[in-house]
Amino acid sequence: MTSTNPLAVSFDGVSKSFGPKQVLRDVSFQAARGQALCVLGRSGTGKSVTLKLIMALLKPDAGKIWIEEDDITALTTHEIPRVRRKIGYLFQDAALFDSLTLYENLALPLVRLTSKSQTEIDFTVDRVLGQVGLGGDKKKMPSELSGGMRKRAGLARALVLEPKILLADEPSSGLDRITAGEIDELLIQEKIERKTTLIVVTHDVHGARRVGDKFAVFDKGQLVSCGTATDVEHSENDTARKLISEH
Ligand SMILES: Nc1ncnc2c1ncn2[C@@H]1O[C@H](COP(=O)(O)OP(=O)(O)O)[C@@H](O)[C@H]1O
Ligand SMILES: [Mg+2]
């Protein structure tokens with residue numbers, strides 16, 4: 001670790017069970033600041049649980065989870081919001097409030113969590129909607145948006161508080177190749193322009209290879225390979241090699 005590229009997220013021997021079911025076993029990985037880490041793995045291998053642990057929505061049974069300089073497993077409930085504030089979370093289903101317009105969906109976290117004035121809020125919402133290509137849609141209700149637009153709107157909401165770390169859970173699932181590619185472009189743009197650390201769970205290896213600097217492959221609750229695409233391609237683990245190959 002160098003001072004120019006310190007860690008954004010680090011798992012150190014993390015395990016998590018739900019009742020008798022062990023979902024994660026002794027998982028360790030790191031994402032450096034400004035880096036894009038893509039998480040690959042079959043369904044049910046603990047990828048979404050990993051994101052929820054980073055958000056401190058779940059607590060591990062063992063191990064440490066560092067967000068920049070904080071071990072969030074050692075923080076009190078009182079201290080967690082300060083760290084969570086650094087993180088944007090694009091949920092699998094975009095998680096918009098259906099009774100609010102797109103503008104209201106984005107303004108809400110700014111009203112609740114910042115001291116921005118109404119003018120500053122309008123400016124920020126316009127900027128972020130413009131960034132994801134929904135500048136002309138702010139009066140629309142979520143039900144009026146297509147699948148691709150909903151994902152963009154979810155992304156806009158994850159970005160509106162200008163997080164240092166963006167977690168995205170299958171941001172392109174259910175989208176056609178072209179629309180998925182547009183979401184990937186937005187993620188790449190966010191990383192380049194704002195140096196945001198990205199942790200992206202995806203089934204789309206084509207997109208992962210465009211977005212990711214680093215790849216973590218989960219299988220049955222264990223991290224079976226982690227590194228560059230070349231590292232994973234040469235992994236001893238069959239599942240890892242299979243998941244990183246595009247055919
Ligand atoms: N809150 C929970 N309570 C009980 N089991 C859970 C909970 N969240 C996830 N699981 C289980 O953990 C496993 C991994 O889930 P998840 O991380 O969502 O998988 P995926 O890799 O598909 O995202 C699944 O078997 C799921 O049923
Ligand atoms: Mg999942």
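Counting convention: from 1, in listed order, for ligands and their atoms alike. In this text, all values refer to a predicted model and were calculated from it rather than measured experimentally.
- Protein N/O/S atoms found under 2.8 Å from the Mg ion (ligand 2): Ser48 OG.
- For ligand 1, the protein residues placed under 4.0 Å by at least one non-hydrogen atom are Phe18, Lys21, Val23, Arg42, Ser43, Gly44, Thr45, Gly46, Lys47, Ser48, Val49.
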Inset, instruction - Assess whether side-chain contact (heavy atoms from CB on, under 4.5 Å) is satisfied between Leu198 and Leu37, documenting all intermediate values. - result: CA-CA 6 Å; Leu198 308 180; Leu37 173 74; over 6 Å; no

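- A salt bridge links Glu69 with Arg33: the distance from a Lys NZ or Arg NE/NH1/NH2 to an Asp or Glu carboxylate oxygen falls below 4.0 Å.
- Between Glu68 and Arg85 there is no salt bridge, since no side-chain nitrogen of the basic residue lies less than 4.0 Å from a carboxylate oxygen of the acidic one.
- For the residue pair Glu190 / Gln131, a side-chain donor-acceptor distance below 3.5 Å is found, with atom types taken as modelled.
- Applying the salt bridge (Lys or Arg N to Asp or Glu O under 4.0 Å) test to Glu144 and every residue at least two apart in sequence or in another chain returns nothing.
- For Lys64, the NZ atom counts as loosely surrounded, since its 6.0 Å shell holds 12 or fewer non-hydrogen atoms of other residues, nucleotides or ligands.
- A side-chain N or O of Thr76 and one of Glu79 form a donor-acceptor pair less than 3.5 Å apart.
- Hydrophobic cluster membership of Val224, counting Ile, Leu, Val, Met, Phe, Trp and Tyr whose side-chain heavy atoms lie under 4.5 Å apart directly or via other members: Leu40, Phe215, Val217, Val232, Leu243, Ile244.
- A salt bridge is defined here as a Lys NZ or Arg NE, NH1 or NH2 lying under 4.0 Å from an Asp or Glu carboxylate O, and Arg127 with Glu162 meets this definition.
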